[in-house]
Amino acid sequence: MNPTTVGTPTLAFAAAMVVADALLSALLGLGIGRALLVAATRCAVQLLLVGLVLAVAFASASPWLVAGVVAVMFAAAAREIDARQRQRLVGIGGRTLGGAVAVAATLVTVLPALATLGATPWYAPQVVIPLAGIAMGTVMNGVGIALDSFTTLVTRERVAIEARLALGASRVEALRDVRREVMRTGITHIVNQMAAAGLITLPGMMTGQILAGQAPVEAAKAQIFVLLLLAAATGLGVIGVVALAVHRVTDARDRLRLDRLVKAR
Amino acid sequence: MLQLSALARLHVGPVDLAVADGECVSVCGASGAGKSLLLRMIADLDPHTGDAALDGQSCAAMPATAWRARVRYVAAESGWWSEIVADHFAADADVAALLPVLGLPAEAARWPVARLSTGERQRLALLRALGPGVRVLLLDEPTSGLDADNVARVEALLRAQCAAGVAVVLVSHDDAQAARLAARRYRLCDGRLATAGAI
């Protein structure tokens, strides 16, 4: 089979289907049409712009340009993590904690992985940018959800946590259940993604590679590599952000310090 | 002996107080006067100035966990972190033997917390705070939701604890109860402890 390319008629068809959804929503008074259209337009514009930027980056192959693109992606992800928080940690680094952990977890996982791929040069934009992007996107979700769940849960469970502290438990013991619950929540989406891969859904990247003419087994191997990388990075990010958040909402005297949380809006 | 020296936080304090082993002192005061805040400071659950000491050993000089293992705070609102009652007690506690002391059946150890009434939770919260190493009990309205029989059981338990050498700082709105239990009674007013009565 020849590689399949997506032409204007194909794009127009997909767009028409979204418009049809919006019309259906308007007819039935469901109220989701505007959100669908805005998101679809935003997605199309963003991806086309990214396509153009990547075309320039791929053509130049400059490590500085690669680093710049990755830095912008990381900054946007860090901002998104902060924007998702219903409560924020006060003090230095309170708003950037999640972003910093997500960036660190992504770098710690992706940089060694690049070495195993053997790309030449190792910073080849065709490898670094997609890999860093997909890893950061997934870690962003895990870290953002985990941090938000943690601050919500620790506030809701204040009485139970303080009851344990009052009985002589350390802050680590008193927050053990909350930490476990939050970590489970943070990695749920990547665990589900791995569990469903191939059986319930064909992952997007693998689908794209097959459509582009790649042999299915090779596409599956690439998809496995990426999913494992995403799982490792997300696990690391969630563990890191929860550990730091526990440290920030407690003090050295094993007290719960909810005064260090403020409502985001 | 529990010794408080210039303990202060927000609008409460500085508070100086000494409570001997086996002694019960009561603290009353208007809502919002800071009675719970005072107990929380003694338990070192909130940042504060001043210090508390047990037998001359400063709270600040020992790990907070060790302090709270000796100086136990029982909040007015009890907290629960596990589904089953027995999970909230120390691993070596004989829960089934402990429960009847406050009128609860021994099998309540296996009950889910969700089936407990407010009064049952209140009594269980007091029972789980007891233990061989406990030297001071800081009790915030321990009988506020209880019927007369259970109030009597709790008071008998507190007398037994005092007889065993445990000091009790009792926050209570019930003047009659304070008169029955406390050797010294205080009122928290404008952040300061004032003597409310002596027996």
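No hydrogens, no waters, no symmetry mates; every other heavy atom, side chains included, goes into these values. Lettering of chains follows the sequences in order, A, B, ..., and the numbering in each one begins at 1.
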Chain A contact via B/S78 - side chain, backbone, both or neither, heavy atoms under 4.5 Å = backbone
The interface call for B/P63 against chain A, heavy-atom contacts under 4.5 Å, is backbone
Approximate separation, where rounding is to 0.5 Å, of A/R171 CZ and B/T65 OG1 = 11.0 Å
Check the surroundings of atom NE2 in B/H173: do more than 12 heavy atoms from other residues, nucleotides or ligands lie under 6.0 Å from it?
-> yes
Is the count of non-hydrogen atoms from other residues, nucleotides or ligands lying under 6.0 Å from B/E83 atom CD greater than 12?
-> no
Can you tell which part of A/D177 gets under 4.5 Å to a heavy atom of chain B, answering side chain, backbone, both or neither?
-> side chain
Would you mind telling me which of B/A75, B/A43, B/C59 has the largest number of heavy-atom pairs within less than 4.5 Å of chain A?
-> B/C59
Check whether more than 12 heavy atoms from other residues, nucleotides or ligands sit under 6.0 Å from atom CG of B/D55, and answer yes or no.
-> yes
Least distance between heavy atoms, B/R68 atom then A/R253 atom | NH2-O, 2.7 Å
Determine, for A/R255 against B/D44, whether the closest basic-nitrogen to carboxylate-oxygen distance falls under 4.0 angstrom.
-> yes
Nearest heavy-atom approach of B/L45 to A/A166 is CD1-CB, 4.2 Å
Residue part contacting chain A, namely of B/A90, when any heavy atom lies under 4.5 Å | neither
Atom CH2 of B/W81 and atom CD of A/E157: how far apart are they, to the nearest 0.5 Å?
-> 12.0 Å
Smallest heavy-atom separation, B/A64 atom then A/D254 atom, equals CB-OD2, 4.1 Å
Would you mind checking which part of A/R257 comes under 4.5 Å of any heavy atom in chain B, side chain (CB onward), backbone (N, CA, C, O), both or neither?
-> side chain
Greatest number of non-hydrogen atom pairs under 4.5 angstrom with chain A, of B/H88, B/E77, B/R70, falls to B/E77
Taking every non-hydrogen atom, the tightest pair across B/G79 and A/A163 = O-CB, 3.8 Å
Answer yes or no: are there more than 12 heavy-atom neighbours, outside A/R79 itself, under 6.0 Å from its atom CZ?
-> no
Does atom CD of B/Q57 have more than 12 heavy-atom neighbours from other groups under 6.0 Å away?
-> no
